[in-house]
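Presented below is the structure to which this report refers.
Labels below follow one simple rule: chain letters A, B, ... track the order of the sequence lines, proteins then strands, and each chain is numbered from 1.
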Amino acid sequence: MSIKAFELVPAIERVKLMSDKAKTQIECLDVCGKNVYIGTNDCFVVHYSIEEETNSSGRVSFKTEKQGHKFLTVKKPVVQIKTASALNRIMVLCDNTLTLLNMLDLEPIMTGAKVKGVSCFCINENPIRTNPFSVEICVALKKKTVQLYTVTEDRLMHLRDLHIPDPAVAVGIDGIHVCAGLATSYNMINSETGQDQFLFPFDAENNKPIIKRISKEEFLLSGPSALGMFVSSAGNSKRPPISWSENLLSIGYVHPYIVAMNDEFITVHSILDMQQKQAIPFQGGAALDNFDGRLFVASGREVYALVPVPFEKQIQALLADKRVTEALDLAKNANRTGMTRDKFLKMYRRIQQQAGFIQFAQKEFEQARTLFLESEIDVRELISVYPHLLPSNCNFTRSVPALHEIADVTQLVKGDNSLLADFKYFLRTYLEEIRGTKAAYGFKQEIDVALLKVYAETNSPELQTLVAVDTGCDLHDCVEWLTKYGRFHALALLYKYHGENDKALGVWTKLVDDGVKDEAFPGLIFIVEVLANLSDHELVWKYIDWVLEKDEEMGVKVLTERPANDPPSERLRPDAVIDYLHRFPSAVITYLEYLVFQRKLEKETYHTHLAVLYLDNVLRLMKKDNVKKEELDSARSKLRHMLQMSSLYRVQLILGKAKETDMHAECAILYGKLEEHDKALRILVHKLKDFGGAENYCLVNSEGKDPAYRKRLFHILLSVYLDPSYERRDTLITPAVTLLNSSVAEFDTIKVLQLLPDNWSVGLLSQFLTRAVRSSMHNSRMTRIERMMSRVENLRCKEQCIELQRDPVVVNEERLCAVCKRAFNDPTFVRYPNGVVTHVHCAKNKFICPVTGRLFSSGSGAS
Amino acid sequence: MSTKQKADLKVIIMGDFNVGKTSLICRYIEGKFKQQEPTIGAAFFLKQWGPYNVAVWDTAGDEKYAGLSQFYCRSAGAAILAFDMNDPKTFESLWARFTPMLGAANENCLRVVVGTKMDTVTPETREITVEDGKRLAREFNEHIDISKTPFEPYFETSSKDGRGVQDVFDYIFQYCLPLSDDQRKSQSKVSRSTIDLMDDSCVHKNQKGKCGC
Ligand SMILES: Nc1nc2c(ncn2[C@@H]2O[C@H](COP(=O)(O)OP(=O)(O)OP(=O)(O)O)[C@@H](O)[C@H]2O)c(=O)[nH]1
Ligand SMILES: [Mg+2]
């Protein structure tokens, strides 16, 4: 595919020479700064000055003026000219002889600086020795030798000869590597070692070998089969070959373009993708080359410049052709001279964005995505391509000049709905990807609103999370949009996010009341949860009636499942709530349970109220016919649990009611609470025959009390079992014995023995007795051990005491009181445990040493 | 297109014209089978292998490019010698035409023999047997120690359905630039995403096991 990379602009219209003969033809060309040198076929060297001018519309033109000319007198063509501006010289090859001329007046340098028998030469642009006042050249001789010279102002200093298998027809040099085109091949010669490496075969008879150094250590050669071969100094290739035309005459290179000329065309090839980009018809080309990044080309009589079309223009042309990859490649390799990095990046990003929209329009979504992401496009540019997706209050206008010509996506899809869905899906994934990243910075609202609209349209479950968690969606047009698509649950969530709880609840209650379908809505339970977590108690109050009417059991959760940090308020004060809940009997129970069991409020009225309600419930069930046994059992066990667990309710009140109906188990608990254990146990044993329960009663009611209390309870139980006044007492012998033998029951053995009827056999009681004896033995032994241990302790103390008193205290005239420093006249004195000896009257406190102030415990007394 | 950064390995593919060299590389790199024009001169691809860059050079099979192909062999670390499983002449060419060219490659260059267009042959029609292929592969690699490889460097592939293609390159890369198991895992993730060989490569892994014995 073609592109206009260069424009042919005339530089020297008609070469004016001394003898303006028709035969005079341009043979070679060199441009250096503002100097142009032309070599002709009739042995002239002509010097022009050249000035480049750019007019206001960006068109480049050249002004040239002839400076002088020189006839070299041998009547042979001038085949090569190279300027060495640092030396003020030009090197000229004519009649196989290389000579030096003065760069300005074209006078020959007559110091014998010349080489004969030369077929061609070239300058080493990457010399090893970098003396600014010399130039290194490589000269191919007509014999099998290549020579290296250092050129100075007036001399050609021979460096070395390199021997090659055939005479060279073309040469190139870079560093120490010489590339030579021979009769049948190209070779690479290392000038230091002389090593000669065969590259590939080439028929120089029928094709002109060309060697063009294009960068450090890399050459471009005209290869066989019309291929341009890249060869590195090491002798291999780092790029694939270029396919160009036959019979090339010369090559030029200005990154990223290779320019090749044959006798009919100049062709332009990109080094980026090796493709031909432009062909310029050009008859009778004589010379073409790049000079300091400028391309000049000569025909027989004229000189032209190949002026690069500005990159921006080329790139825009490529983009207009939708050649995205090429445009980006070119942009990346654009000549950045005179451009700051920031400016370049800005330009490059813009191109990426344009390219992104081209790919987008062609449904190449993956590429579009990458380009948009890399170029950090203002996401509103993308959203704005979709009708109505930007927030309605957003005053975004697309960038100028426009990045694309897409009016909107509907224009792209032309009514194809599945295609439209693809486009929307792209937007959606793109927005999801950048959401929360740097690229979304500052556009949270735009992104979230667009996502909301897309989600709402497609009924995506993501909608709920979007509106409920950290959303950028405002209420503005989202409300309208959500209503339009019937996403009421999301609408309510959005209201709630924005603190409009009343509106949110309004929507939800309507969803329930009107039975409007919205699959996303989880139902009444959701409203209950919301209310339970609502700190605005007035609002809770507003809806509490509504939920309780809908479902009492679920509704009461609004009151019972409140967060731990819910602030107290007059509205939700428990007493007020209980009063209010009168109409809802099961709700009130649940609420009281919540107060009593969960919040553990220790207020008599709640406990009593709950117990009474439980009891009422049981009574109601008892009155009813054909009530399931399980139901009644569960109601009663609830009641019992309550009675047992709590000690705050009014026992007498409950007991009165319980006694009326035969609720023995409950009565037993209630008597227990009144500490009327005998009554309680009698009920358990006589009425209920629940011996296990009786035993359990003893354990439960003695919990946390001292062991004697427990023993007392068990003793009462035993007494009940053995009560001689009870007419069916024989039936209680077995439980009595079981109780005695039970491992959990505890007794005062002596009392038990007094209580037992005399007629019981020892066998019956053997287990009890063995245990009693054993435990009494155990006690006795334990006591003995304790006694012995106390004795040991006592002995130790005595020993210590003796130890302390054993040291003699000698008192004579020399001994002085430690306090008053006077002698002892009395036989009595005081000695402190630390050895300090004083008068009795000097020892004010026998627990404190008067000298050191040390404190002695009262145990270790002084004497 | 160009190797700005130095490649860590150069792999070259050679074989008679029309045997399917370009198709093989295209299948590996792009995961697609598409109609190819005959290659002119040579073509070049870069492939990431773990931390390494591998340059894959596609050459033209036409006789007239013979001189260039030899040039492109220079400093190759591995060569794929491709033949068309339908055409015994292309098999003979490997030995007659192409191994001499590999003189320019690295001294220890791995040579992998690859049969192409496997989808077009049946056990009845094929003329080159697996044994023939393996024998040639052994012969070609006498200059190096391939005992550390799981089996001879011989593969049968189809660029059309993708069979065997990934294995060829994995084998070469793993031989020349061994990766640890972890690196390989992340590598295969990368290549999986571009090349749709999931099922085929699994099936073929099993076959590989059989081949090795
Ligand atoms: N059925 C089938 N056809 C294939 C396969 N591989 C290649 N072909 C066909 O064989 C022909 C040649 O393929 P290329 O990849 O161009 O062959 P090449 O070796 O690169 O040829 P040159 O570049 O000229 O050396 C094309 O028509 C392909 O479609 C394959 O695995 N199966
Ligand atoms: Mg090919």
Side-chain angles (χ1 to χ4, degrees), chain A residues 179 182 184-188 197-204 207 214-246 253 255-258 269-276 325-326 328-330 332-333 366, chain B residues 1-13 17 21-22 25-26 29-31 36-47 53-79 100-106 109 193-194:
Chain A
C179 184
L182 313 182
T184 59
S185 70
Y186 282 103
N187 287 28
M188 188 70 75
Q197 188 182 26
F198 172 87
L199 293 175
F200 52 84
F202 183 73
D203 174 15
N207 295 294
I214 61 162
S215 65
K216 192 161 175 287
E217 299 184 342
E218 191 171 17
F219 300 94
L220 174 58
L221 317 182
S222 69
S225 316
L227 287 177
M229 302 282 293
F230 292 92
V231 179
S232 73
S233 298
N236 44 38
S237 193
K238 291 181 194 166
R239 303 174 208 260
I242 296 188
S243 178
W244 53 29
S245 40
E246 302 274 354
Y253 169 59
H255 190 73
Y257 294 117
I258 305 273
H269 308 258
S270 164
I271 202 167
L272 306 174
D273 61 6
M274 302 301 160
Q275 300 301 311
Q276 179 173 320
T325 329
E326 286 172 78
L328 290 171
D329 263 353
L330 189 59
K332 247 181 273 172
N333 286 278
E366 190 46 42
Chain B
M1 258 315 232
S2 70
T3 41
K4 291 266 170 52
Q5 67 281 61
K6 196 168 159 26
D8 300 286
L9 170 68
K10 177 171 175 178
V11 178
I12 185 160
I13 180 164
F17 74 93
K21 300 181 291 297
T22 308
I25 294 178
C26 174
I29 303 274
E30 293 178 37
Q36 303 289 346
E37 294 295 312
T39 304
I40 298 170
F44 170 86
F45 303 87
L46 254 191
K47 179 78 188 174
N53 291 314
V54 181
V56 180
W57 282 86
D58 181 19
T59 64
D62 194 311
E63 287 270 6
K64 72 175 174 189
Y65 298 112
L68 299 186
S69 296
Q70 182 157 11
F71 167 67
Y72 284 120
C73 282
R74 195 155 280 155
S75 68
M101 288 187 187
L102 282 171
N106 286 354
C109 174
S193 65
T194 52

- Could you state the interatomic distance from NZ (A/Lys238) to CZ (B/Phe44), rounded to the nearest 0.5 Å? 10.5 Å
- Message: Give me the atom names and distance for the closest heavy-atom approach of B/Ala42 to A/Pro241.
- Response: O-CD, 3.3 Å
- CZ/B/Phe45: more than 12 non-hydrogen atoms of other groups inside 6.0 Å: yes
- Message: Taking side-chain hydrogen bond (donor to acceptor under 3.5 Å, both in side chains) as the cut-off, I'd like each qualifying pair that reaches into residues 66-79 of chain B, sequence neighbours left out, listed once.
- Response: A/Asn236-B/Ser75
- Of the backbone (N, CA, C, O) and the side chain (C-beta and beyond), which part of A/Phe230 lies under 4.5 Å from a heavy atom of chain B, both, or neither? backbone
- Note on the structure: dist B/Ile40:CD1 -> A/Ile242:CD1 (nearest 0.5 Å) comes out at 12.5 Å
- Item | Taking every non-hydrogen atom, the tightest pair across A/Pro240 and B/Ala43 | CB-CA, 4.1 Å
- OG on A/Ser237 to CH2 on B/Trp57, rounded to 0.5 Å: 4.0 Å
- Item | chain B contact residues among residues 216-227 of chain A, heavy-atom distance under 4.5 Å | A/Pro224, A/Ser225, A/Leu227
